[in-house]
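Following: one structure in structure tokens, then a few remarks.
Throughout, protein chains are lettered first and strands after them, A, B, ... in sequence-line order, and every chain is numbered starting at 1.
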Amino acid sequence: MSDIVRTRIAPSPTGDPHVGTAYAALFNYAFARRHGGRFILRIEDTDRVRSNRPSEAMIFDALHWLGLSWDEGPDVGGPCGPYRQSERGELYREHVERLVAAGHAYPCFCTKDRLDGVRAGQQAAGAATLGYDGFCRSIPPVEAARRRRDESHVIRLAMPREGQCVVRDLLRGDITFEYAGIDDQVLLKSDGFPTYHLANVVDDHLMEITHVIRAEEWLSSLPKHAQLYHAFGWDPPVFCHLPLLRNADRSKISKRKNPVSLNYYRRAGFLPEALLNYLALMGWAMPDEREEFTLAEFAEALELERITLGGPIFDLEKLSWLNGKYLRGLPSEGLLERLRSGLLSDGYLLQVIPLVQERIEKLEDFVDYARFFFVGEVAYDAEALKKLVPKGRTPRDTAKTLKELLEEHLDALLDWQPAVLEGILRSFCERTGWSPNEAFMTLRVAVTGRPASPPLFDTMAVLGKEVCRQRIRRAQEIVKSMKTPETRPLT
RNA sequence: GCCCCCAUCGUCUAGCGGUUAGGACAUCGGCUUUUCAAGCCGAGAACAUGGGUUCGACUCCCAUUGGGGGUGCCA
């Protein structure tokens, strides 16, 4: 094991850059700095369906914005590259073969149908433990090797079947699991790509990671990871599972209940240093209880052992207060600079101006007309409220439609461009039976707060995904709380 | 269901066997201010419950309850 501390953040590029990624990155970054070590960025893009380059670019961008720089990574290189798992396929296949040869892993030919059947059977029988039943583990190696040549298969880790496994977490101490409750995890998928478990362990070892500081959701797969280190004959790193950031209802933080995209915080005008400072307050307190401190001060003071374990609720209100303190502490020129690099940048203004230009008569009209391009939430006046729900539609129906549009079509959209939006919205109309007239007006009001605006798709594109999301969700809530008018029978 | 983790004000937390249980956000008062913010001062607000251990438990142990996570060819 390396004698210099090496930590890493290993995000999956499968959507908008997540606040949880920033949280884990912050602690990994600070811990590495504290010990004069190195902080590595590794892209875990082994999910071929969900991973994509735009998401990866957004992760780089968001972390740069926050000021969390890495010493090694896909974009800066380093001695342990490549740092993108999709480029390390050969490495994983070699390693998995070592495991198969040593009997620590085996090919599994079970079909999805059989697996589903097994699961259903277990559930019906009220089995104590759910999971793979080890069916293919008893296939003689010679036969298995022969079948591998032309049958679709995965490679599974052969876990011990009885006894106990003791793993150590830096914050929680020794944790005991019964092997009987842990099934044989897939290591290599049938498409030849590794699963998280394999890729993660192989890479952490090869990249000489000394401290794995990651979210608590990984704690229950720690025995599988420990078994992998054992099977490879490697010394495991120190594991430190951070508490999970929570919604107000204490569930794991999610976009349904909180803004989780770092793009949101950036667009809303949170200062990166304030966001980082706030994140550092989650599960951590300075020895002197000071609440305002810089990244450098955090890095100087961080002791992992002091991390608190109750899952902290992410409180936008306190973040906003802290951000306000940072903002007020800026010299005027500093604030000007921040405005000029965001909402009042030439780049943004030049996007807004073409949409507004033909609709104003005096320069001063600009501010009023373009207002919704610069504020966070829009207010809905009585007239807007009336048009939020199309004639002949109920509030209930409208709320449901907005929710569906958001969660099933807009949330996953990365390429937030006018033409793409138009395509999505038009096909959404066809599918749901909403006329474009109805849907577009509802959306226009939701997103701009007004029944009259520049062209909808251009407007949405300029506003950006985060703002649109936020406003549509707000509109949905408002509509949902509206009473459905009594339908009076015609007399 | 099963496995694992967790448990101090509404929220973030300090505490590490002996404290009037401290700070911050939020809330509510007051001061300041032409107003609104900001700022300052103040108030209310917590050790989940039950057993142990101990001269003494918020602190240690056990149970209960509650919360969370996991249980995928997602990470």
### Query
So what does A:Cys110 hit on the nucleic acid, given a heavy-atom distance under 4.0 Å: a base, only sugar-phosphate, or nothing?
base
### Task
Provide, to the nearest angstrom, the distance between the CG atom belonging to A:Leu327 and the C1' atom belonging to B:A37.
13 Å
### Query
Across all strands shown, which nucleotide pairs with B:U53 by Watson-Crick or G-U wobble geometry, both distances under 3.5 Å?
none
### Task
Check whether any side-chain N or O of A:Arg306 sits under 4.0 Å from OP1 or OP2 of B:C16, and answer yes or no.
no
### Task
Write down the distance separating the C1' atoms in B:G23 and B:G18, rounded off to the nearest Å.
22 Å
### Summary
Among B:C73, B:A26, B:G23, the one nearest any side-chain atom of A:Lys189 is B:C73
## Note on the structure
The Watson-Crick or G-U wobble partner of B:U65, with both key distances under 3.5 Å, is B:A7
### Query
Is A:Lys318 side chain donor-acceptor paired with the B:A24 base, going by distance under 3.5 Å alone?
yes
### Query
B:G1 and B:C61: how far apart are their C1' atoms, nearest whole angstrom?
29 Å
### Message
Would you say A:Tyr92 and A:Asp203 are linked by a side-chain donor-acceptor pair, where the criterion is simply a distance under 3.5 Å?
### Response
yes
### Query
Does atom CZ of A:Arg148 have more than 12 heavy-atom neighbours, drawn from other residues, nucleotides or ligands, at distances under 6.0 Å?
yes
### Message
My understanding is that a pair needs two contacts under 3.5 Å, Watson-Crick or G-U wobble. By that rule, which nucleotide pairs with B:A43?
### Response
B:U27
### Donor on one side chain, acceptor on other, A:Ser55 and A:Asn52, under 3.5 Å
yes
### Task
Remember a base hit wins even if backbone is also touched, and classify A:Ala128 as base, sugar-phosphate or nothing at under 4.0 Å, heavy atoms.
base
### Message
Do A:Glu273 and A:Thr294 pair up side chain to side chain, a donor and an acceptor below 3.5 Å, judged on atom types alone?
### Response
no
### Message
Under a 3.5 Å distance rule, please check whether A:Asn258 uses its side chain to pair with a backbone N or O of A:Val260 as donor and acceptor.
### Response
no
### Query
In whole angstroms, how far is the P atom of B:C16 from the CG atom of A:Leu171?
19 Å
### Task
To the nearest Å, give me how far apart CG (A:Leu170) and P (B:C6) are.
13 Å
### Query
When you check the phosphate oxygens OP1 and OP2 of B:A38, does a side-chain N or O of A:Lys325 lie under 4.0 Å from one of them?
no
### Message
From the set B:C5, B:A26, B:C3, return the single nucleotide nearest to any side-chain atom of A:Phe177.
### Response
B:C3
### Out of B:G68, B:C73, B:G1, whichever nucleotide has its closest atom nearest the side chain of A:Arg156
B:C73
### Task
For the side chain of A:Arg328, starting at C-beta, report the closest nucleotide among B:A14, B:U11, B:G39.
B:G39
### Query
Shortest non-hydrogen contact from A:Leu68 to A:Leu26?
CD1-N, 3.9 Å
### Message
Roughly how many Å apart are B:U64 and B:U11, using the C1' atom of each and rounding to a whole number?
### Response
26 Å
### Message
Between C1' on B:C4 and NZ on A:Lys224, what's the gap in Å once rounded to a whole number?
### Response
12 Å
### Nearest-angstrom distance, C1' atom, B:A45 to B:A26
11 Å
### Query
Looking for any heavy atom pair under 4.0 Å, which part of the strands does A:Tyr196 touch: base, sugar-phosphate only, or nothing?
base
### Task
Would you indicate what A:Glu291 reaches in the nucleic acid, counting non-hydrogen atoms under 4.0 angstrom: base, sugar-phosphate, or nothing?
base
### Task
Could you give the distance separating B:G51 and B:A14 at their C1' atoms, to the nearest angstrom?
28 Å
### Pairwise P distance, B:G68 and B:U8 [rounded to whole Å]
15 Å
### Task
Rounded to whole angstrom, note down the C1' distance from B:G67 over to B:G72.
25 Å
### Query
Rounded to whole angstrom units, what separation is found between the CH2 atom of A:Trp218 and the P atom of B:U71?
8 Å
### Query
Out of B:C73, B:G23, B:G67, which has the shortest distance to the side chain of A:Leu115?
B:C73
#### Entry: Toward the 5' end of RNA chain B, by each residue's nearest nucleotide, A:Asp174 or A:Ser220
A:Asp174
#### Entry: Given RNA chain B, 5'-ward residue of the pair A:Val154 and A:Ile313, judged by closest heavy atom
A:Ile313
### Message
Under a 3.5 Å threshold, yes or no: a donor from one side chain and an acceptor from the other, between A:Tyr106 and A:Asp184?
### Response
yes
### Query
What nucleotide, of B:A24, B:G69, B:C5, holds the atom closest to the side chain of A:Glu216?
B:C5
### Message
At 4.0 Å (heavy atoms only), tell me whether A:Thr46 reaches a base, stays on the sugar-phosphate, or touches nothing.
### Response
sugar-phosphate
### Query
So what does A:Leu130 touch, heavy atoms closer than 4.0 Å: a base, only the sugar-phosphate, or nothing?
base
### Nearest-nucleotide pick for A:Glu289, side chain only, options being B:C6, B:C73, B:G22
B:G22
### Query
Do the side-chain N or O atoms of A:Ser51 get closer than 4.0 angstrom to the phosphate oxygens (OP1, OP2) of B:C74?
no
### Query
What nucleotide, of B:A38, B:C12, B:G69, holds the atom closest to the side chain of A:Ser251?
B:G69
### Task
Could you let me know what B:A37 is paired to, Watson-Crick or G-U wobble, both distances under 3.5 Å, or none if it's on its own?
none
### Query
Do A:Asp315 and A:Lys318 meet the salt-bridge criterion of a basic N to acidic O distance under 4.0 Å?
no
### Query
Under 4.0 angstrom, heavy atoms only, what part of the nucleic acid is A:Gly324 near: base, sugar-phosphate, or nothing?
nothing
### Query
Hey, are A:Asp75 and A:Trp70 close enough side-chain-wise for a donor-acceptor pair under 3.5 Å?
yes
### Message
Tell me which nucleotide, if any, is Watson-Crick or G-U wobble paired with B:G72 when both distances must be under 3.5 Å.
### Response
none
### Summary
With the side chain defined as heavy atoms from C-beta on, A:Arg250 is closest, among B:A75, B:C5, B:C12, to B:C12
### Task
Give A:Gly181 one of three labels, base, sugar-phosphate or nothing, depending on what nucleic acid heavy atoms sit under 4.0 Å from its own.
nothing
### Task
Quick one: do A:Glu408 and A:Lys403 satisfy salt bridge (Lys or Arg N to Asp or Glu O under 4.0 Å)? Show the steps, please.
CA-CA 8 Å; A:Glu408 285 165 37; A:Lys403 184 179 155 90; over 6 Å; no
#### Entry: For atom CG of A:Leu276 and atom P of B:C12, their distance in whole Å
20 Å
### Message
Counting the atoms with a prime plus P, OP1 and OP2 as sugar-phosphate, which does A:Thr176 contact under 4.0 Å by heavy atoms, base, sugar-phosphate, or nothing?
### Response
sugar-phosphate
### Message
Can you identify which nucleotide, out of B:C6, B:G70, B:C25, has its nearest atom closest to the A:Arg172 side chain?
### Response
B:C6
### Message
Taking only the C1' atom of each, what is the distance from B:G30 to B:A48 in whole angstrom?
### Response
36 Å
### Query
At under 4.0 Å between heavy atoms, what does A:Thr308 touch on the DNA or RNA strands: base, sugar-phosphate, or nothing?
sugar-phosphate
### Message
In this structure, how many angstroms lie between the P atom of B:A7 and the CZ atom of A:Arg246, rounded?
### Response
11 Å
### Task
For A:Arg214, report the nucleic acid contact type (base, sugar-phosphate, nothing); a contact means any heavy atom under 4.0 Å.
nothing
### Task
Rounded to the nearest angstrom, tell me the gap between atom CE in A:Met282 and atom P in B:C25.
14 Å
### Message
Using a 4.0 Å heavy-atom cut-off, does A:Val186 contact any base of the nucleic acid, only the sugar-phosphate backbone, or nothing at all?
### Response
sugar-phosphate
### Message
Determine whether a donor-acceptor pair (one donor, one acceptor, N or O, separation below 3.5 Å) exists between the side chain of A:Thr129 and the base of B:C3.
### Response
no
